[in-house]
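Below, read A as the first sequence line, B as the second, and so on, with proteins coming before strands; counting in each chain starts at 1.
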2 protein chains.
Amino acid sequence: MAGRPAEPEVIWARPERSGRGPKPAFSRADIAAAACRIADEGGLDAVTMRHVAAELGCGTMSLYNYVPRKEDLYELMVDRVSGEYDLPEKPSGDWRADLATLAHRARAIMHVHPWMARLMSAVYGFSPNTMRYIEYSLSCLDAIDAPYGEKMELVAMVNGVVTTYVANELQTAERTKSLPWSAEQEHAVRMAYLGREIASGRYPRLAAAFAEDSGPIDMEAVFDRALARVLDGFDSRRPGTSPRPETS
Amino acid sequence: MAGRPAEPEVIWARPERSGRGPKPAFSRADIAAAACRIADEGGLDAVTMRHVAAELGCGTMSLYNYVPRKEDLYELMVDRVSGEYDLPEKPSGDWRADLATLAHRARAIMHVHPWMARLMSAVYGFSPNTMRYIEYSLSCLDAIDAPYGEKMELVAMVNGVVTTYVANELQTAERTKSLPWSAEQEHAVRMAYLGREIASGRYPRLAAAFAEDSGPIDMEAVFDRALARVLDGFDSRRPGTSPRPETS
DNA sequence: CTTAGTTACGTACAACGTACGTAGTGCGCT
DNA sequence: AGCGCACTACGTACGTTGTACGTAACTAAG
């Protein structure tokens with residue numbers, strides 16, 4: 001009988017291979033790769049145990065030998081993508097620039113895997129690659145004399161900004177992948193309602209906000225400003241660093 | 001035949017009552033209330049069309065007369081909870097304090113409805129009460145001379161901080177409501193793995209972070225600091241306002 | 001060699017969202 | 001008044017999901 005306990009368990013604590021029995025046909029990496037491939041093509045909702053098993057070329061239930069619960073499959077996916085950072089051996093020494101670069105890299109990765117942002121706000125666990133990522137983030141702050149608690153808070157905030165903003169950018173596109181209509185249609189309908197509501201005069205400031213300019217929004221610029229503000233907020237509490245670099 | 005189109009639609013644009021036929025047994029508010037009651041008790045995963053219908057005392061499919069898709073039920077829930085703010089008639093004039101108060105109120109509301117944070121990062125639509133909320137947020141910034149685009153970005157950032165942090169605080173508790181084990185068990189198992197991993201020496205800074213102090217974390221204080229940093233970041237770009245009030 | 005743990009996988013079940021058909025109801029029209 | 005149609009109500013049913021369970025084959029440890 002398969003070892004599928006009704007107790008909480010961390011997949012990373014379970015050995016990938018334990019001597020006895022026939023050798024497994026796949027590795028965890030194979031499975032993570034298959035799941036990510038499916039998500040990239042068909043959206044996160046296309047990631048089902050059946051699909052992943054089919055992609056691997058095995059029976060559905062065989063998958064449960066490797067992945068006790070579907071949530072663990074998600075963790076595998078997050079960890080795999082978290083391994084796509086090509087982290088430098090050592091940070092440059094300019095913590096602000098290093099963290100900003102890292103945040104931009106994270107944003108880029110999440111654009112390649114649009115389902116990642118949604119997953120990251122649903123799965124909270126530590127995994128090998130996420131720990132590696134956090135360790136590197138902390139190493140960027142080595143030069144700063146502050147308790148690690150404070151550094152962790154900053155790292156968490158930067159990560160929060162990245163996932164929040166990228167999720168906002170991408171969720172419509174991701175969601176409509178498993179819907180019978182397009183993201184553009186959805187957006188059009190919602191904007192039509194918003195326009196009607198705004199025209200009612202009940203929300204004058206909202207109306208003014210939407211009347212203003214309204215050229216296409218540069219999402220990366222918005223992200224940049226948000227990120228800069230967070231770093232500014234940290235900066236302003238520790239005098240002696242360069243006060244306010246231009247946003248460019 | 002029921003009017004359930006395969007086209008995108010905003011539930012708020014559909015009239016709640018349209019003359020003809022027998023009068024509906026429930027209002028949208030009834031349905032939202034029932035769904036929220038279920039979510040409060042059994043977690044978000046307990047909110048199914050069947051459960052909500054049963055709570056209302058009607059057949060499952062009757063619900064589809066009011067709510068064309070399940071997503072719309074979610075929007076109803078978000079809107080209802082967004083109506084729980086008791087927004088003052090007019091902001092006090094101190095935008096920083098007003099926004100902070102609002103953020104704290106939002107955090108408190110999401111603690112009462114632990115599923116709210118997760119829903120808000122999944123549902124992106126404007127609804128009557130969310131628009132009221134945004135309008136009020138903007139009105140807090142009336143005294144500031146800045147383009148509305150900039151104000152909107154600040155409001156979005158504050159909201160982002162709230163949902164991100166509250167979601168982080170609450171997601172484990174929420175998630176384990178539909179799991180056969182407790183949040184404490186889950187946490188214990190994950191911490192055990194983390195401890196073992198940290199002891200390996202591969203993540204020295206992470207290890208230092210967890211070794212440090214480690215009294216119970218005051219989540220509200222963490223939230224406060226994050227919020228303050230965001231407001232600081234906005235502050236630092238517009239000289240002339242009070243530079244840096246104490247975090248309490 | 002034995003044996004116990006592992007892999008593989010088909011079957012099966014409960015729960016989900018929801019398409020569809022049918023029956024009943026009452027407003028608005030002529 | 002009375003016809004008709006839009007609306008409500010709801011049972012049935014389908015496809016899809018996660019996954020519990022049983023069985024058969026396999027292989028390393030004793």
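For A/Tyr85 and A/Tyr133, the ring centers are positioned less than 6.0 Å apart.
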Could you list all N or O pairs between the protein and nucleotides 10-17 of chain C that sit under 3.5 Å apart?
{"from": "C/dG17", "atom 1": "OP1", "to": "B/Lys70", "atom 2": "NZ", "distance (Å)": "2.7"}
{"from": "C/dG17", "atom 1": "OP2", "to": "B/Met49", "atom 2": "N", "distance (Å)": "3.1"}
{"from": "C/dG17", "atom 1": "N7", "to": "B/Arg50", "atom 2": "NH2", "distance (Å)": "2.5"}
{"from": "C/dG17", "atom 1": "O6", "to": "B/Arg50", "atom 2": "NH2", "distance (Å)": "3.0"}

Distances under 3.5 Å only, N/O to N/O: pair up the protein atoms with those of nucleotides 2-5 of chain D.
{"from": "D/dG4", "atom 1": "N2", "to": "B/Arg20", "atom 2": "NH1", "distance (Å)": "3.4"}

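DNA chain D forms stems at C:1-30 with D:1-30, each a run of 3 or more consecutive Watson-Crick or G-U wobble pairs whose two key distances fall under 3.5 Å.
At a threshold of 4.5 Å between non-hydrogen side-chain atoms, the residues B/Leu44 and B/Tyr74 count as touching.
In this structure, B/Asn65 atom CG and D/dA9 atom P are separated by 6 Å, rounded to whole Å. In this structure, the CG atom of A/Leu63 is 11 Å from the P atom of C/dC9, given to the nearest Å. Rounded to whole angstrom, the span from the CG atom of B/Asp72 across to the C1' atom of C/dT18 amounts to 13 Å. Atom P of nucleotide D/dA9 and atom CZ of B/Phe26 are separated by 6 Å, given to the nearest angstrom. Spacing between atom CD of B/Glu16 and atom C1' of D/dT8 amounts to 14 Å, rounded to whole angstrom units.
At a threshold of 4.0 Å, the pair A/Asp72-A/Arg69 counts as salt-bridged, since one of the basic side-chain nitrogens sits closer than that to a carboxylate oxygen. A/Arg37 has no carboxylate O lying under 4.0 Å from a charged side-chain N of A/Glu41, or vice versa, which leaves the two without a salt bridge.
Judged by distance alone, with hydrogens and angles left aside, the side-chain atoms of A/His111 form a donor-acceptor pair with the main-chain N or O of A/Arg107 at under 3.5 Å. Counting only distance, with no hydrogens or angles, the side chain of B/Thr176 and the backbone of B/Thr172 share a donor-acceptor pair below 3.5 Å. For the pair B/Asp79 (side chain) and B/Leu76 (backbone), a donor-acceptor distance under 3.5 Å is absent. The main-chain N or O of B/Leu206 is found under 3.5 Å from a side-chain atom of A/Glu135 such that the two form a donor-acceptor pair.
Side-chain contact, A/Ser200 with A/Arg202: a donor N or O sits under 3.5 Å from an acceptor N or O.
Residue-level contact check: B/Tyr66 touches the backbone only, with heavy atoms under 4.0 Å from sugar-phosphate atoms and none from bases.
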Checking B/Asp45 against B/Ser178 for the side chain to side chain donor-acceptor pair (under 3.5 Å) test, could you report, in this order, the C-alpha distance in whole Å, the side-chain angles of both residues, the deciding distance, and whether it holds? CA-CA 7 Å; B/Asp45 292 340; B/Ser178 44; 2.9 Å; yes
Run A/Tyr66 and A/Phe26 through ring pair (Phe, Tyr, Trp, His ring centres under 6.0 Å) and show every step you take. CA-CA 9 Å; A/Tyr66 304 86; A/Phe26 324 104; 5.7 Å; yes
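An OP1 or OP2 oxygen of C/dC9 is reached within less than 4.0 angstrom by a side-chain nitrogen or oxygen of A/Ser62.
The side chain of A/Pro22 lies closest to C/dT7, out of D/dA9, C/dT7, C/dG24.
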